[in-house]
Student: 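Quick one: the structure is below, questions incoming.
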Amino acid sequence: MVVFDEVARGGHEEVVYGYDEVSGLRAIIAIHSTALGPALGGTRFFPYQTEQDAFVDVLRLARGMTYKAAAAGLDLGGGKAVIIGDPATDKSELLLRAYARIVDSLGGRYITAEDVGTTTADVDVMRRETRWALGSSVAEGGAGDPSPVTSRGLFAAARAMSEFIWGDAELAGRRFAVQGVGKVGSAFVQLLVEARAEVIVADSSDEAMKIATEKYGVKGVDVEDIHTVDCDIYSPCALGGGLNQKTIPQLNCQAVVGSANNQLAEEEDADRIARRGIVYGPDFVVNAGGLINVHDELHGYSRMRALQRVDSIFDATKAILEISKEEGINPNQAAVRRAEDRIRHIGDLRRFRRSGEETG
Ligand SMILES: NC(=O)c1ccc[n+]([C@@H]2O[C@H](COP(=O)([O-])OP(=O)(O)OC[C@H]3O[C@@H](n4cnc5c(N)ncnc54)[C@H](O)[C@@H]3O)[C@@H](O)[C@H]2O)c1
């Protein structure tokens, strides 16, 4: 495994390996950037086939968090952690607390939260060892499940797309096709139905499909067909990589806005979408609601302040679409450029030493 080559390629600051024989902990923490603030990103608990897979994944995810935080206008850098193992069988209080101690040893340079395979309850356990874990339960004074807030941000982004394309943010009568009605997708469908939009859904889980169609009275289609549905907005809320060379020519929508992380299989897919005349809402901009929500815990959680900030995803989305139009670049490139400008300019402010900061 060529560690330094990979780290150099991604521009990461630091990679920490955590091991504990007694609990069986094997964790990798990647800090991509602290230019804007502490590196925040969740802990993924996943049965990676190889250590190399875990290493590549954590570097990729950490880098993505840098862009997500910057695009959301937060004073945060990007980081991520992975614990190698099956959360169903390998997770224990001992392991989580051992892991949390390693997080704590980084002194706040890396702040963790929940991700695939970890829960709000796990964050509560971690917080017994470190204050650098966010997204604890409401009972513990935390932000709780981020999913409904992510959906709210997605809804704001969909309204911004609608205003940009059709000159009206109103979603009543618009037709949506939603792929994946799990935690985020189902809450998004609820908001759309309340806004009197027409919704069509698909999910590989029969149970999720049953809940969505019965609870919200929306129509369901086969998972193989959802991206081909004739609609105004297609919303991928399942897994990453769903927009690719095969699926993009089959899209039958005018815009794409969804919560899934890493929707584009490769960077060129943003151009492929643009060439079809479809407006793409960059995933790391439109799905930042969860991050914005947990970030608020750093200031003593206020639901009202967090939601207000999440609603600003409307403005962020519109700004990116305007840049894309004015500069003749695709929205993904516009979003990356905006994030990089922020990292450069705000990050550079550190050359002015504030009073009380150590002189080193
Ligand atoms: N939960 C959050 O706050 C949050 C924040 C940012 C990004 N995201 C991303 O949004 C996506 C959804 O997150 P979630 O928390 O709702 O996850 P989830 O696991 O609750 O829901 C995902 C749903 O997609 C379904 N699914 C899987 N493969 C499918 C396929 N091929 N076709 C149709 N349905 C399929 C699953 O059955 C499940 O119901 C993920 O990519 C996640 O990384 C989530």
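Both backbone and side-chain heavy atoms feed into the values below; hydrogens, waters and symmetry mates do not. Note that the structure is a prediction, hence the values are computed from the model and not measured. Order of appearance sets the numbers: ligands from 1, and atoms from 1 within every ligand.
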Student: Any Lys/Arg nitrogen of Asp296 or Arg309 sitting under 4.0 Å from an Asp/Glu carboxylate oxygen of the other?
Tutor: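 No.
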
Student: Anything under 3.5 Å between an N or O on ligand 1 and a protein N or O? List each pair with its distance, or write none.
Tutor:
unit_1, atom_1, unit_2, atom_2, d
ligand 1, 1 (N), Ser147, OG, 3.2
ligand 1, 3 (O), Thr150, OG1, 2.7
ligand 1, 10 (O), Ser259, O, 3.3
ligand 1, 10 (O), Ser259, OG, 2.9
ligand 1, 16 (O), Lys183, N, 3.1
ligand 1, 16 (O), Val184, N, 2.8
ligand 1, 20 (O), Lys183, N, 2.9
ligand 1, 20 (O), Lys183, NZ, 3.3
ligand 1, 26 (N), Ser204, OG, 3.3
ligand 1, 34 (N), Ser204, N, 3.3
ligand 1, 37 (O), Asp203, OD1, 2.6
ligand 1, 39 (O), Asp203, OD1, 3.3
ligand 1, 39 (O), Asp203, OD2, 2.7
ligand 1, 41 (O), Ala238, O, 2.8
ligand 1, 41 (O), Asn261, N, 3.4
ligand 1, 43 (O), Asn261, ND2, 3.0

Student: In chain order, what residues pass the side-chain contact (heavy atoms from CB on, under 4.5 Å) check against Pro38, with sequence neighbours excluded?
Tutor: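 By the side-chain contact (heavy atoms from CB on, under 4.5 Å) rule, Pro38 matches Leu76, Ile111.
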
Student: Please confirm whether Arg174 makes a cation-pi placement over Trp166, using NZ or CZ under 6.0 Å from the six-membered ring centre and within 45° of the ring normal.
Tutor: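 Geometry flag: set, cation within 6.0 Å and 45°.
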
Student: Check side-chain contact (heavy atoms from CB on, under 4.5 Å) between Arg60 and all other residues, then give those that pass, not counting sequence neighbours.
Tutor: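 In terms of side-chain contact (heavy atoms from CB on, under 4.5 Å), with neighbours along the sequence ignored, Arg60 is linked to Asp57, Asn262.
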
Student: Scan the side chains in residues 218-228 for donor-acceptor partners under 3.5 Å anywhere in the protein, sequence neighbours excluded, and list what turns up.
Tutor:
unit_1, atom_1, unit_2, atom_2, d
Asp222, OD2, Glu224, N, 3.0
His227, NE2, Gln250, OE1, 2.6
Thr228, OG1, Asp225, O, 2.6

Student: Thinking salt bridges, do Glu6 and Arg9 make one under a 4.0 Å N-O criterion?
Tutor: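 Yes, charged N to carboxylate O under 4.0 Å.
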
